[in-house]
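A short write-up of the structure that comes next.
Owing to the predicted nature of the structure, the values given are computational and were not obtained by experimental measurement. Order of listing sets the numbers, starting from 1, for every ligand and every atom in it. Heads up: numbering here begins at 1 and tracks the sequence.
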Amino acid sequence: MSLICSELQVSGRSVGLVPTMGALHDGHLSLVSKSLAMNDVTVVSIFVNPLQFDKEEDLNNYPSDMQSDLSKLEAAGVDFVFKPLAADFYKAKPVVSISFGEMEQVLEGEFRPGHFGGVGVVVSKLFHIIPSNHAYFGLKDLQQFLLIKRMVEDLGFPVEVIGVETKREGSGLAMSSRNLRLSTEGKEIASMIHRGLKLAEEFVLKGKPFDEIEQEVGKFYEEVGALDIEYLAFVDGHTLTPVDSYDGLSELAVCFAGYVEGVRLIDNLYLRLK
Ligand code: AMP
């Protein structure tokens with residue numbers, strides 16, 4: 001794979017990489033369309049990376065439907081699919097680790113210890129195995145996107161990281177392979193996550209203080225019921241540090257994590273303020 005992509009690049013053809021863990025839905029396919037539109041060749045990787053799971057149970061229960069994934073990618077016009085076995089990808093458990101400092105100690109990193117270290121290792125390795133001009137990541141996983149962008153900058157990977165808008169159901173629910181585990185009613189409840197974030201947006205546009213917005217939106221979620229909030233955080237859209245005032249703030253992210261029917265869901269709202 002490495003040789004094919006290097007040769008493509010040498011011959012002047014651009015390569016786009018879309019890393020995924022499979023169980024593909026239209027959210028993944030929107031990354032694929034972006035890559036197809038911007039590059040001569042698109043490679044999709046499907047690899048459930050054991051390093052980024054802090055709970056063995058989550059890794060074992062991760063949904064997988066390779067046949068359906070391959071059909072979707074073929075229909076979309078993807079050129080190559082890279083789907084290594086874990087035993088081949090990691091001949092031995094890596095001893096090298098990647099740490100993102102304070103940026104991985106907040107939000108998802110706080111609740112999923114070791115998760116981003118595992119993401120950093122797999123993405124670095126994919127960048128080496130599949131030399132690409134562009135790599136596509138969903139803004140639904142905002143922290144992941146920002147950390148990868150930072151890693152590429154810090155370590156000088158010759159690839160441009162591109163963030164793709166979150167694809168949603170008509171109800172506003174962010175598409176996710178985890179939604180498969182929700183009942184119809186659970187999906188309705190989960191769609192309120194986006195509703196709450198849009199409510200936060202209305203308040204932000206009116207300049208309401210963040211602590212008051214947090215209270216109002218928290219109340220909204222409480223009234224929905226059956227929605228357990230893990231966090232609702234107002235952070236700088238660049239550094240992910242918590243914000244308490246609009247002063248000097250150019251990008252704001254409101255990040256949500258919580259549980260519906262025992263399924264952990266995340267979503268966010270990203271706003272440019274100036
Ligand atoms: P995953 O297979 O869950 O690791 O996701 C692979 C890529 O697809 C990541 O960059 C995700 O951020 C992205 N992704 C997942 N869901 C969506 C969505 N609803 N809209 C856009 N991108 C998504």
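Between His128 and Phe157, the ring centre distance stays below 6.0 Å. The aromatic ring centres of Phe203 and Phe210 sit 6.0 Å or more apart. Checked against a 6.0 Å centroid threshold, the rings of Phe256 and Tyr231 do not count as neighbours.
Near ligand 1, Pro19, Thr20, Met21, His25, Gly27, His28, Leu31, Tyr62, Phe137, Gly138, Lys140, Asp141, Gln144, Glu165, Thr166, Lys167, Met175 each place a heavy atom less than 4.0 angstrom from the ligand.
Although no hydrogens or angles enter the test, the distance criterion places a donor-acceptor pair under 3.5 Å between the side chain of Asn268 and the main chain of Leu139.
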**Q.** Residues Lys187, Ser171; criterion side chain to side chain contact (heavy atoms under 4.5 Å, CB included); working and verdict
**A.** CA-CA 9 Å; Lys187 280 190 188 139; Ser171 65; over 6 Å; no

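Around CD of Glu57, the count of heavy atoms belonging to other residues, nucleotides or ligands within 6.0 Å does not exceed 12.
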